[in-house]
Amino acid sequence: MNIVLNGEHAEFPAGALLTEVVECTGLLPERVATIVNENVVPRAQRSVTELNDGDIVEILTLAGGG
Amino acid sequence: MNNNDLALCLEHAAAAREKVATATPQQVAAVLAAPRADVGSLAVLLSSAADGMLEAMAGRAQRLTRSHFGRTVALYAPLYLSNYCPGGCSYCGFAADRQQSRRRLEHAEIETELQAIHHLGLRDVLLLTGERCPEADFDYLALGVEIAARRFPAVGVEAFPMTEAEYARLVELGCISLTLYQETYDRARYDEVHRWGPKRDYAARLEAPECALRAGMRSVGIGALFGLADPVSEALALFQHALYLKRKYWKSGVMISFPRLCSEQGGFSAEYEIGDQWLAKVIWAFRLCLPDVPLVLSTRERPAFRDGMAGVGVSRMSVASRTSVGGYADGGAGGDDRQFSINDDRGIDEFCAMLHARGLQPVFKNWDAALRDGAAA
Amino acid sequence: MAESDELIIGGHRFGSRLILGTGKFADTAVMLDAVKAAGCELVTVALRRFSEGVDDLCAPLAECAGLTLMPNTSGARNAREAVRAAQAGREISGSPFVKVEIHPNPHHLMPDPIETYQACCELAKDDFVVLPYIAADPVLAKRLEDAGCAAVMPLGSAIGSGQGLQTFAMIELIISESSIPVIVDAGLRAPSEAAAAMEAGCSAVLVNSAVAAAENPVVMAAAFAQAVAAGRMAYNAGLMSRGTDAVATSPLTAFLGR
């Protein structure tokens with residue numbers, strides 16, 4: 001299936017979990033926030049959040065800002 | 001500091017009391033230069049170190065009054081609806097145990113009195129009763145408000161603490177302000193002078209002003225009856241109470257009055273002698289720390305004092321007052337049945353002439369209900 | 001003053017009254033050095049999509065002892081986006097603090113008061129420690145206080161403009177009316193302006209560009225720290241009179257018969 005990950009198309013096996021997508025980034029899971037289709041998904045929910053074709057996923061980290 | 005907790009605000013007032021004894025002239029000069037709306041500033045100005053700088057305080061008070069209120073003084077008249085009272089305030093001429101002829105104004109008499117006040121040109125009236133009693137209960141007061149609001153754009157009440165629902169009803173009927181003095185913020189002294197009756201409930205009285213504001217009252221007037229307890233502590237507590245109300249209910253107005261105890265029927269003598277100089281200093285100190293709050297001075301005060309304070313700190317004054325029930329229509333012939341004696345019995349023309357001579361314009365009306373939600377007919 | 005002079009925001013205590021923004025630095029190392037040089041205890045950070053080549057600040061900031069993070073909502077154009085950003089920021093930082101900034105106009109970056117108010121109402125109910133970045137509007141400041149904000153952050157002038165305290169009179173008014181800390185955020189250029197804000201009674205100052213864009217950001221951070229501390233000290237000490245009060249020719253106290 002196709003999802004939009006941080007604004008770009010990405011291919012994942014059908015039924016992939018949000019945790020698996022986070023793992024792909026190589027970042028520590030506690031150091032990112034995840035948003036699926038405009039809803040923030042708390043860390044504890046990621047392993048039970050099954051993604052669907054066309055989902056829009058954002059993985060955010062902290063950056064410099066004022 | 002949590003400014004939204006009244007008890008805590010009053011504790012800060014008590015803590016600031018110590019500062020009054022140790023303040024230096026240098027501190028007074030610094031506060032005079034840049035007064036702040038905090039109790040520490042007020043404490044410094046109340047100290048004896050400020051006594052030598054009264055002229056500078058007065059000058060600053062006049063400039064601040066002028067810049068916030070213009071060269072004007074707002075005028076109002078008190079109307080005593082009833083002098084029935086179940087209260088046991090040892091300092092009050094209307095207390096239940098005083099030899100006093102009791103009466104209340106009936107509907108037609110209220111009209112007549114209001115007519116007389118209206119005739120003087122006044123448009124701001126304050127309706128007064130004693131503590132809640134069968135002769136002068138909520139419905140009676142509500143009737144007074146209803147009648148007054150038909151002719152007067154500004155109607156206030158000074159009566160007994162009420163429930164929020166009752167305050168809301170008064171607002172509905174056209175009441176725009178509540179005046180309720182704590183009398184004394186000193187708990188022990190409060191218990192002592194309020195010998196019996198509903199007024200013994202210190203907390204209920206303390207909370208009443210904000211209860212009225214929650215009910216939608218446009219403004220509240222608070223005050224301490226100076227002379228009952230340590231006047232410095234009273235001033236600090238009063239200030240904190242005002243600041244608390246002003247910050248928490250920031251859409252509402254807060255006014256402050258400075259009544260001092262005078263001997264009345266029954267021979268109650270004040271514990272603390274409050275001299276002219278001291279009272280003037282307190283009022284100027286409040287003006288410096290709260291530049292935009294109306295400060296009120298009544299006809300309890302002598303003409304010379306009132307004239308000197310008009311526009312110099314004080315921005316709102318009662319005029320041509322009668323403190324006896326039915327006093328306006330009978331020309332003040334009511335005799336001895338007054339709550340307290342009037343020291344300024346000048347008529348309105350004479351008083352206004354005095355204001356004009358001092359470059360001040362008397363203001364009879366500066367608000368009406370034209371734009372108010374659900375404006376009365 | 002007997003009581004300690006800590007900055008208390010939403011029940012959290014800080015010794016330092018200088019808050020730094022973490023953006024616009026040449027690199028992360030300089031930013032971290034500036035934060036340390038300033039003795040900062042609270043910094044604001046933004047949220048960005050993870051991508052290769054962008055420094056993730058989470059780990060390096062976590063190594064700074066005693067530092068509280070305040071994620072901001074920059075990039076949000078409305079209340080909905082800001083709430084989403086705040087929730088995401090809390091996920092990563094574990095901090096209840098959030099700086100709500102919503103600027104729909106990408107040029108002057110002035111905050112949208114209506115969207116900001118809506119976002120703050122929602123976030124305060126959700127137990128965030130909410131610090132909104134606002135225009136220096138005393139009424140808006142009170143509305144936000146009522147909504148449960150822990151502090152308000154009026155701007156001195158436009159973000160990054162370096163125009164200093166253009167809104168000084170309004171900030172003074174906000175301070176005199178406010179029951180919560182008032183923090184000047186945005187527009188400052190020189191440490192003297194930070195000191196002026198503190199002398200007037202501001203509880204803290206937030207700067208970013210003024211430090212990040214200085215010739216030597218680390219030294220400038222230290223300079224701001226000293227200015228903020230000096231301004232606070234001066235506020236506590238009470239300033240002397242400006243000029244002399246002229247005494248009226250006919251004394252105003254004559255009626256007192258002294």
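Order of the sequence lines fixes the chain letters, A, B, ..., with proteins taken first and strands second; residue numbering starts at 1 for each chain. Both backbone and side-chain heavy atoms feed into the values below; hydrogens, waters and symmetry mates do not.
- Taking both residues in full, the closest heavy atoms of C:L256 and B:W284 are given as CD1-CH2, 4.0 Å, listed atom of the first, atom of the second, then distance.
- Enclosure of atom CD in C:E122 is not indicated, since only 12 or fewer non-hydrogen atoms of other residues, nucleotides or ligands lie within 6.0 angstrom.
- Taking NZ of B:K251 as the reference point, atom CZ of C:R143 lies at 4.5 Å (rounded to 0.5 Å).
- Atom CD of C:E6 sits in a crowded spot, with more than 12 heavy atoms from other residues, nucleotides or ligands closer than 6.0 Å.
- For the pair B:R302 and C:F255, the cation-pi criterion (under 6.0 Å, within 45° of the ring axis) is not fulfilled.
- With rounding to the nearest 0.5 angstrom, the OG atom of C:S176 is 9.0 Å from the CG atom of B:L243.
- For C:F97, the ring-ring contact (aromatic ring centres under 6.0 Å, His included) criterion is met by C:H12, C:F14, not counting sequence neighbours.
- Nearest heavy-atom pair, B:Q62 versus C:L252, reported as atom, atom and distance to 0.1 Å: OE1-CD1, 3.5 Å.
- The two residues B:A58 and C:T253 have their closest heavy-atom pair at CB-CG2, 4.0 Å.
- B:A280 touches chain C through its side chain: at least one heavy atom from C-beta onward sits under 4.5 Å away, while N, CA, C and O do not.
- Enclosure of atom CZ in C:R189 is not indicated, since only 12 or fewer non-hydrogen atoms of other residues, nucleotides or ligands lie within 6.0 angstrom.
- Side chain of C:K142 to backbone of B:R247: a donor-acceptor contact under 3.5 angstrom is found.
- Contacts between B:M57 and chain C at a heavy-atom distance below 4.5 Å are absent for every atom of the residue.
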